[in-house]
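Atoms within each ligand, like the ligands themselves, are counted from 1 in listed order. Remember, predicted model here, so these are calculated numbers, not experimental data.
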Amino acid sequence: MQPIHIIGAGLAGSEAAWQVANRGIPVTLHEMRPVVTTPVHKTGNVAELVCSNSFRSDDSATTAIGLLHAEMRRLDSLVMRAADANQVPAGGALAVDRDGFSAAIGAALEAHPQVEIRREEIRSLPPAEWDSVIIATGPLTSPVLADAIRMATGQDALAFFDAIAPIVYRDTIDFSVAWFQSRYDKAGPGGSGADYVNCPLTRAQYDAFVDALIAGDKVTFHDFEASTPYFEGCLPIEVMAERGRETLRHGPLKPTGLTNPKQPDKKSYAVVQLRQDNRLATLFNMVGFQTKLKHGEQTRIFRTIPGLEHAEFARLGGLHRNTFLNSPKLLDATLRLVRAPRLRFAGQITGCEGYVESAAIGLLAGRFAAAERRGETVNIPPPTTAHGALLGHITGGHIATIDPGPPSFQPMNVNFGLFPPLTHAPPDTPDGRRRGAAKAAARKQALTARALQDLDRWITGALMTAAE
Ligand SMILES: Cc1cc2nc3c(=O)[nH]c(=O)nc-3n(C[C@H](O)[C@H](O)[C@H](O)COP(=O)(O)OP(=O)(O)OC[C@H]3O[C@@H](n4cnc5c(N)ncnc54)[C@H](O)[C@@H]3O)c2cc1C
């Protein structure tokens, strides 16, 4: 049998190789380190953790990331097996001894009879005779390969910087203050004329907000990021604020064409707009709010915006060096490049974010490629599972917009906003109605229970979601 070629032995590539090899298919895994390295990797080890040693919460009942851990364990993930075997104490989080973790993955792959590891940089698109390839070269894909991918996919298809605006769960916005309206009620393509959530600011609130942005604690760029140019359209919001007190009011916070139905006679001094981010309409992103403010500062400052006092964030803002595809446009439901289906992508380059998410997408890419090679139907996980929800974000769940500024598809961690809402609210307890935190916890427990049940049915083949 011809091998499946996997480029990059990071979190995604290593997991993909394991999944393919365990289905009896030979794998050639191409890893450029230690021959050529990236600005952040320090070793030649496979699956090196480039920064923190945490896989975040391991609570599979009430967190989306913990659920992803649980699902990966059920899907025989090598990354989770190595993490569990090399765990270090970290409270409710799963943290690992990074060297032991990488060594365990390296040993498992090297011992596998179906896996060959080649230490070489792939410097161009793979040769035509490689008929099934998984590209898992990560956020710091080597520049020559990144250029080749860009040539093959198009100028606007591969980004070298993310420009992440915070995303808010819609059900945490206070609609006694905020309202739905598009600027000048314009419907635009596919819109209704009332597509944005609007949060009004008075002059005093705007001034205080600008002061807070300028004074807020920021994260600095790494040396290797400072040399990568980013576009004027992606300026951090605090940099715009520093350019002049009125800059934001004439930019992303402009109040023109918007009327607050609660106070129709009073013009808002400035308006923060949030735009629908996913088809499910559970997530809304803050337009123009890409930022280098520290996460704690973002939560503190953005909750001063009227209507967002109790906002919960599915994602906080950021701006990093990051190579990623405009996947919803380019990839099919099984992560193949539509224009060249022999090429499949996995890991952070597809637009997920985080060690675990990258490995999970590697797991799926490996399984999809193996099923294809064996002539089987490629069955994608149901959207109610963490794997299916994350895959949905990458391959189609996100709503692209035509607004100016950074590309609207941006990397994302797994979160409950990506899951289809429950059809029924969890039943009340014998003691009465659940409220506040108890209600939110019951909802999360119902989502995770549904996910694991559906995953098990998917694994046994009782639930089939064949890719179109
Ligand atoms: C600076 C930085 C810090 C981060 N910190 C965290 C964190 O703390 N927690 C977290 O959850 N996530 C973090 N991330 C995000 C992300 O989770 C990790 O980058 C993760 O490793 C991505 O997994 P991956 O498999 O997609 O890519 P990687 O793990 O980077 O693997 C890609 C592999 O491909 C190889 N490669 C690249 N180009 C080629 C080529 N042309 N030929 C052959 N091999 C090639 C690389 O050497 C690398 O081994 C961070 C990212 C960056 C850039």
(Q) Assess the residue pair Asn278 and Thr282 against the criterion (side chain to side chain donor-acceptor pair (under 3.5 Å)); give the C-alpha distance rounded to whole Å, side-chain angles, the decisive distance to 0.1 Å, and a yes or no. (A) CA-CA 7 Å; Asn278 63 344; Thr282 49; 2.8 Å; yes

Q.
The test is side-chain contact (heavy atoms from CB on, under 4.5 Å); show your working for Phe284 and Arg275 and say whether it passes.
A. CA-CA 5 Å; Phe284 278 73; Arg275 180 173 58 210; 5.5 Å; no

Are there any N/O pairs under 3.5 Å between ligand 1 and the protein, and if so, what are their distances?
from     : atom 1 : to     : atom 2 : distance (Å)
ligand 1 : 8 (O)  : Ser52  : N      : 3.2
ligand 1 : 8 (O)  : Tyr355 : OH     : 3.4
ligand 1 : 11 (O) : Tyr355 : N      : 2.8
ligand 1 : 17 (O) : Gln348 : OE1    : 3.3
ligand 1 : 17 (O) : Gly354 : N      : 3.4
ligand 1 : 17 (O) : Gly354 : O      : 3.2
ligand 1 : 17 (O) : Tyr355 : N      : 2.9
ligand 1 : 23 (O) : Ser358 : OG     : 3.4
ligand 1 : 25 (O) : Leu11  : N      : 3.1
ligand 1 : 25 (O) : Ala12  : N      : 2.9
ligand 1 : 26 (O) : Gln348 : N      : 2.8
ligand 1 : 29 (O) : Leu11  : N      : 3.4
ligand 1 : 38 (N) : Ser142 : N      : 3.2
ligand 1 : 41 (N) : Ile122 : O      : 2.9
ligand 1 : 41 (N) : Ser142 : OG     : 2.9
ligand 1 : 42 (N) : Ile122 : N      : 3.0
ligand 1 : 44 (N) : Met32  : N      : 3.2
ligand 1 : 47 (O) : Glu31  : OE2    : 2.7
ligand 1 : 47 (O) : Arg33  : NE     : 3.0
ligand 1 : 49 (O) : Glu31  : OE1    : 2.7
ligand 1 : 49 (O) : Glu31  : OE2    : 3.2
ligand 1 : 49 (O) : Arg33  : NE     : 3.2
ligand 1 : 49 (O) : Arg33  : NH2    : 2.8

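A side-chain donor from one of Thr334 and Asp332 sits under 3.5 Å from a side-chain acceptor of the other.
Once rounded to the nearest 0.5 Å, the distance linking CE of Met240 with OG1 of Thr247 reads 9.0 Å. Rounding to the nearest 0.5 angstrom, the gap separating the CZ atom in Arg303 from the CZ atom in Phe313 is 6.0 Å.
Phe55 has its ring centre less than 6.0 Å from the ring centre of Phe101.
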